[in-house]
Amino acid sequence: MPHRADRTTGVQRRRDGSGASRGSAGAGLAAALLTVGGPALVLCSSVALAPAALAEEAAPATTQCEITDPRLTELSGLVVGADGTMLAINDGGDLVQVFALDPACQVIRVHEADVDPFDPEDLAVGTDGTVWLADTGDNTGTRETVALIALRPDGSTAVHRLTYPDGPHDAEALLLAPDGTPYIVTKEVLGSSDVFRPVAALEPNGTVGLVEVASVDLTLTGTPGGPVGRAGQLLVTGGAVAADGSALALRTYTDAYVWPLTGSDVVGALAGDPVRVALPESPQGEAISFSADGTAVVVASEGLPSVVSVVPVPTTTAPAGATGAPDGSLADVLTETEDGVSPLTAGLLAAALATAIMWLVGRRRRRSTPPAGPTRS
């Protein structure tokens, strides 16, 4: 059986798999948002994180600013640069748009690419300045392919299509390793999210298979927030890798999980215990980035105004899954609460409700365009 760590720490079972990396070098965010204008947004930071253990309280979150621009009503991806400038994308739309915001949350420029995405969900920037959009959303589970859309520093655009080995998945998190290897993390209502990477080098305007290499298992934490009740504590909605490659993070609607990263070993990092950080309550939190100095995560939500919060990452924190029994005993997990419902039953009911809600949202968002973000003619 594959190894599975203690279920109270928001953990992962590791699987072997093959994948190709795409080495890259250089700096700068596509020469000032792909030459749209303004000063270059150079992404570099220093992360000071220790492995997860037990306990000191995290410092309180602070509000950096509020996004009020009506063009960013469905914020789903965020990257913070060394000077505090941010890149952001919407969930959905019929045109690729990357917004650059100043530290006060004001839009200072927009880059548009002639690509019609299906459901972009996350954002990352490579060490060469290429901006990557994860067009991987699939609320209805009907897409034959998903896509990574690359906006290169020279202004060109490429669509890289991907196929899962076991059928469609809904995914909202992208982890871009320092060596350029992309990892897609699925969004699962029962808290066991699969991690996939390409089996070969990406092909512009071609299709490459994915292989499952890991799984991240989350438990209920009790942190409030999100549109689907307690199930939101289990749903992975975004990912980030620190610009200096020292750490990676995944978030749910309610919490962030941070792992130290060595080299580009994303699978090895996820096999360890994360630091869990409770996030400020928000209506639909999907965006996450590391701060410029790497000591905090920066998060935001869909809806306006969208509060951009800076949440310090403690060097140690409480166990990641607050509802699990101290010894991992299933009998204790099944013990009834004061309301007469066990945490496990409540979680299953919440998951069922979340599934129904996401299905309805998916029907609203479902489009008639091809599912892999084709370049528009």
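Residue numbers start at 1 and run along the sequence shown. Note that the coordinates shown come from a computational prediction; the quantities given were computed from them, not determined experimentally.
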Could you pull out all residues at least two apart from [X] that satisfy side chain to side chain donor-acceptor pair (under 3.5 Å)?
| X | value |
| --- | --- |
| Thr252 | Thr254 |
| Gln97 | Glu112 |
| Asn90 | none |

Applying ring-ring contact (aromatic ring centres under 6.0 Å, His included), can you list everything that pairs with Tyr183, at least two apart in sequence or on another chain?
none
Applying side-chain contact (heavy atoms from CB on, under 4.5 Å) to Ala296 and not counting sequence neighbours gives Ser291, Val310
Side chains of [X] and [Y] in contact at under 4.5 Å (non-hydrogen atoms):
| X | Y | value |
| --- | --- | --- |
| Val159 | Pro204 | no |
| Pro178 | Leu261 | yes |
| Val185 | Asp194 | no |
| Ile288 | Leu78 | no |
| Phe99 | Ile108 | no |
| Val308 | Leu101 | no |
| Thr140 | Asp170 | no |
| Gln284 | Tyr253 | yes |

When you measure from the side chain of [X] to the backbone of [Y], do you find a donor-acceptor pair of N or O atoms at a distance under 3.5 Å?
| X | Y | value |
| --- | --- | --- |
| Thr157 | Leu151 | no |
| Thr130 | Ala150 | no |
| Thr136 | Ala171 | yes |
| Asp135 | Asp119 | yes |
| Asp138 | Thr142 | yes |
| Glu286 | Gly77 | no |
| Thr237 | Gly285 | yes |
| Trp259 | Gly272 | yes |

So which atom in Ala124 and which in Val79 form the shortest heavy-atom distance, rounded to 0.1 Å?
CA-CG2, 4.1 Å
When Val277, Thr62, Val298 are each screened for side chain to side chain contact (heavy atoms under 4.5 Å, CB included) with Val311, the one that passes is Val277
Salt-bridged, Asp69 to Arg71, with N to O below 4.0 Å?
yes
Can you name the residues that form a salt bridge (Lys or Arg N to Asp or Glu O under 4.0 Å) with Asp255, not counting sequence neighbours?
Arg276
Do the rings of His169 and Phe196 sit parallel, tilted or perpendicular, given the 30° and 60° boundaries?
tilted
Residues Leu250, Leu175; criterion side chain to side chain contact (heavy atoms under 4.5 Å, CB included); working and verdict:
CA-CA 8 Å; Leu250 294 172; Leu175 298 173; 4.0 Å; yes
